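Basis for what follows: all heavy atoms, side chains included, without hydrogens, waters or symmetry-related copies. Everything quoted here is computed from the prediction, not taken from an experiment.
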There are 2 protein chains.
Amino acid sequence: MLKAERHKFIMTKLVEEQKVVTTDLALVLDLSEDTIRRDLNELDNKKLLEKVYGGAVLVTEKATDIFNINISDEDEKKKIVTKALSLLHDDQVIIMSGGSTNLVFAKLIPADLKATIYTYSLPIAMQLSQHPNIDLIFIGGKMQKNAMVTIGMDVIQVVSKIKADICFIGASSINIKQGLTEIGYEISIVKKAMIEASDRVVSMFSSDKLDTKMPHVVCDLKQLDTIVTNLNPEDPSLEEYRKSGVFIL
Amino acid sequence: MLKAERHKFIMTKLVEEQKVVTTDLALVLDLSEDTIRRDLNELDNKKLLEKVYGGAVLVTEKATDIFNINISDEDEKKKIVTKALSLLHDDQVIIMSGGSTNLVFAKLIPADLKATIYTYSLPIAMQLSQHPNIDLIFIGGKMQKNAMVTIGMDVIQVVSKIKADICFIGASSINIKQGLTEIGYEISIVKKAMIEASDRVVSMFSSDKLDTKMPHVVCDLKQLDTIVTNLNPEDPSLEEYRKSGVFIL
DNA sequence: ACAAAAAATGCATTTGTATGCAAAAATTAA
DNA sequence: TTAATTTTTGCATACAAATGCATTTTTTGT
């Protein structure tokens, strides 16, 4: 019996019975359970079924709700951004870039904070639009759809006219030599403009971004005033960063 | 019985009976209460139910989920906007205002439509950012937070520079004498600019908006090319609108 | 505050899974 | 066709997951 036949058999049985059990299939098809498992894993990779402990079940199409943004390690990110809440004060003018860490930050901004926030991230704007005391300005332009942010000259032009007290920049990668780097050119120049427009520059990211690099430079470490990570500021892996003079929260 | 099956069983029972009891489930499924508890905790972590002392209950839709926009009468609105899909063609430049009817419309835009869409509505932009073939431009400005749209001079300036083939305008109120009217002044002037910028003006709304008025005039009926409602175009309550020369879908 | 019920925790047992390896089968190249 | 190569398969082993039980902790109703 060819593998393709077997896969077909498995899929048929799966549709008929809503589930398949590894041991049953091994028995019926007279093959080792290992082979069945390999088959099921293959079919799982092709998204034709869902492998579970002991067998497999039909793929349940999860409602791809656009508005339900999935933040990975949200709890971890909460811990990071909570440290940065002390940087917020009434009447500040703030610029926020995109990124899930900044989104978590936006969620945690206290309801009584009165401030003006500029952003070019759709999810962050959605979040902040729920905030009673924030003057929110969305920076328009062409949408970079996967990241849900606007990019391009329109964005730069607006950002370069802002005079902000503080900006919160998400980080793709950071290291001692190159500083902050980004995978996309367009995002990198927007971030440059943000930094230029702000008195104080804060970047929040988890420690796995440390000592990594991307093609496009945003700024070097000296231009960052504060970085916020999940690590203790005294952590040895931040040693070099501390030396560069950036304040670590 | 596979764990996945059990979870499905529990979820089904939960929906049917609004609650599940740990001891009952243990009895029915012939498993220890420990296993049931572990299951319920797992499902709780996935936010599929809420674990409570003694069992579990349905997740209470928390209103604080910003991203979960509630559209009233969504099915009814789907019927309306489906009629308007025939107005879409490849390579069009489109402007869309905000409003839940337009949001439903955005959801239904075919995946293969290649077009450029301008909007100043956050939810609509979120929706369209999922669309593979649409060039999306968000019109920035100060956010009107309850409506999740940008307003003000920044918006007007951008809109007035667009040359669009068609625009889709949500309607707060419409009547024969004043035409389209809005509750807010700012929204009304943005919509005026939209109309000015577009070759063709389409407005979609349910019949309960007919023959009502709001303080701020957007345009009179003559400036609308097409209106789309839930009613049959021949419906007597559209009689006067038909006479005004507007095309009714 | 107290007793009863439920839940969490650690542990042992069972069961299912991943992985490297060797033999068998299928495929490819000459 | 034959030999070389790749793929598939089954097995042994180490590993991880699931389950039930005993014990401790927490919660609840009175």
Side-chain angles (χ1 to χ4, degrees), chain A residues 1-62 70-79 82 206-208 230, chain B residues 1-62 64:
Chain A
M1 187 179 228
L2 298 175
K3 192 162 73 160
E5 288 182 82
R6 231 167 41 226
H7 286 188
K8 206 171 157 188
F9 178 89
I10 292 173
M11 288 311 298
T12 307
K13 187 176 164 90
L14 177 61
V15 171
E16 275 170 6
E17 306 180 11
Q18 309 276 85
K19 66 154 186 177
V20 288
V21 176
T22 312
T23 51
D24 288 359
L25 285 170
L27 213 64
V28 175
L29 296 172
D30 192 30
L31 287 163
S32 74
E33 294 182 18
D34 302 68
T35 304
I36 301 298
R37 266 182 223 111
R38 279 185 270 244
D39 284 347
L40 294 181
N41 281 331
E42 249 182 83
L43 293 167
D44 180 277
N45 287 334
K46 287 187 201 158
K47 307 277 170 78
L48 296 174
L49 52 70
E50 188 187 350
K51 178 89 185 67
V52 297
Y53 194 86
V57 295
L58 292 168
V59 278
T60 51
E61 51 173 313
K62 47 180 176 180
N70 191 32
I71 302 170
S72 61
D73 299 318
E74 182 160 4
D75 291 339
E76 191 63 25
K77 283 171 182 162
K78 268 186 191 169
K79 288 182 201 159
T82 302
S206 67
S207 55
D208 55 0
N230 51 318
Chain B
M1 184 178 232
L2 300 173
K3 192 165 73 160
E5 285 183 87
R6 226 165 49 222
H7 287 186
K8 207 170 155 189
F9 178 89
I10 293 172
M11 288 312 296
T12 307
K13 188 176 164 92
L14 178 61
V15 170
E16 276 169 3
E17 306 180 11
Q18 310 276 86
K19 64 159 186 176
V20 287
V21 176
T22 311
T23 51
D24 287 0
L25 285 170
L27 213 63
V28 175
L29 295 172
D30 192 29
L31 287 163
S32 73
E33 293 182 19
D34 301 69
T35 302
I36 300 299
R37 270 184 218 109
R38 280 186 269 243
D39 284 347
L40 295 181
N41 283 331
E42 249 183 82
L43 293 167
D44 181 279
N45 286 335
K46 287 187 200 157
K47 309 274 170 80
L48 295 173
L49 51 70
E50 188 186 347
K51 179 90 185 67
V52 296
Y53 193 84
V57 295
L58 292 168
V59 278
T60 50
E61 194 70 41
K62 48 178 178 179
T64 49

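Rounding to the nearest 0.5 angstrom, the gap separating the CD atom in A/E50 from the CG atom in A/L43 is 13.0 Å. Atom-to-atom distance recorded for B/L31:CG and B/R37:CZ is 12.5 Å, nearest 0.5 angstrom. Annotation: the span from B/L14 atom CG to B/K19 atom NZ amounts to 11.0 Å, rounded to 0.5 Å. Once rounded to the nearest 0.5 Å, the distance linking CG of B/L49 with CG of B/N41 reads 9.0 Å. The NE2 atom of B/H7 sits 8.0 Å away from atom CG of B/L40, with the distance rounded to the nearest 0.5 Å. Distance CZ/A/R6 to CG/A/L29: 7.5 Å, rounded to 0.5 Å.
In the displayed structure, A/K13 atom NZ is contacted under 6.0 Å by more than 12 heavy atoms of other residues, nucleotides or ligands.
Between B/T22 and A/T22, it is B/T22 whose nearest contact on DNA chain C lies nearer the 5' terminus. Residues B/N41 and A/D34 both approach DNA chain C. Their nearest nucleotides, taken by heavy-atom distance, put B/N41 toward the 5′ side.
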With the criterion being N/O to N/O and under 3.5 Å, what pairs connect the protein with nucleotides 14-18 of chain D, and how long is each?
unit_1: D/dA17; atom_1: N3; unit_2: A/Y53; atom_2: OH; d: 3.3
unit_1: D/dA18; atom_1: OP1; unit_2: B/K3; atom_2: NZ; d: 2.8

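If you measure from atom CD of A/E33 to atom P of D/dC11, you get 11 Å, rounded to the nearest angstrom. Remark: C1' of D/dT9 and CG of A/L40 are 15 Å apart, rounded to the nearest angstrom. Rounded to an integer number of Å, the gap from A/I36 CD1 to D/dG10 P is 8 Å. Between the NZ atom of B/K51 and the C1' atom of D/dT26 there is a distance of 12 Å, given to the nearest Å.
A side-chain donor-acceptor contact under 3.5 Å links A/N230 to the backbone of A/S207.
Among the protein residues, A/V52 comes within range of the sugar-phosphate backbone only, with heavy atoms under 4.0 Å from sugar or phosphate atoms but none that close to a base.
For DNA chain C, the outermost nucleotides in 5' to 3' order that have an atom under 4.0 Å from a heavy atom of chain B are C/dA5 to C/dT9.
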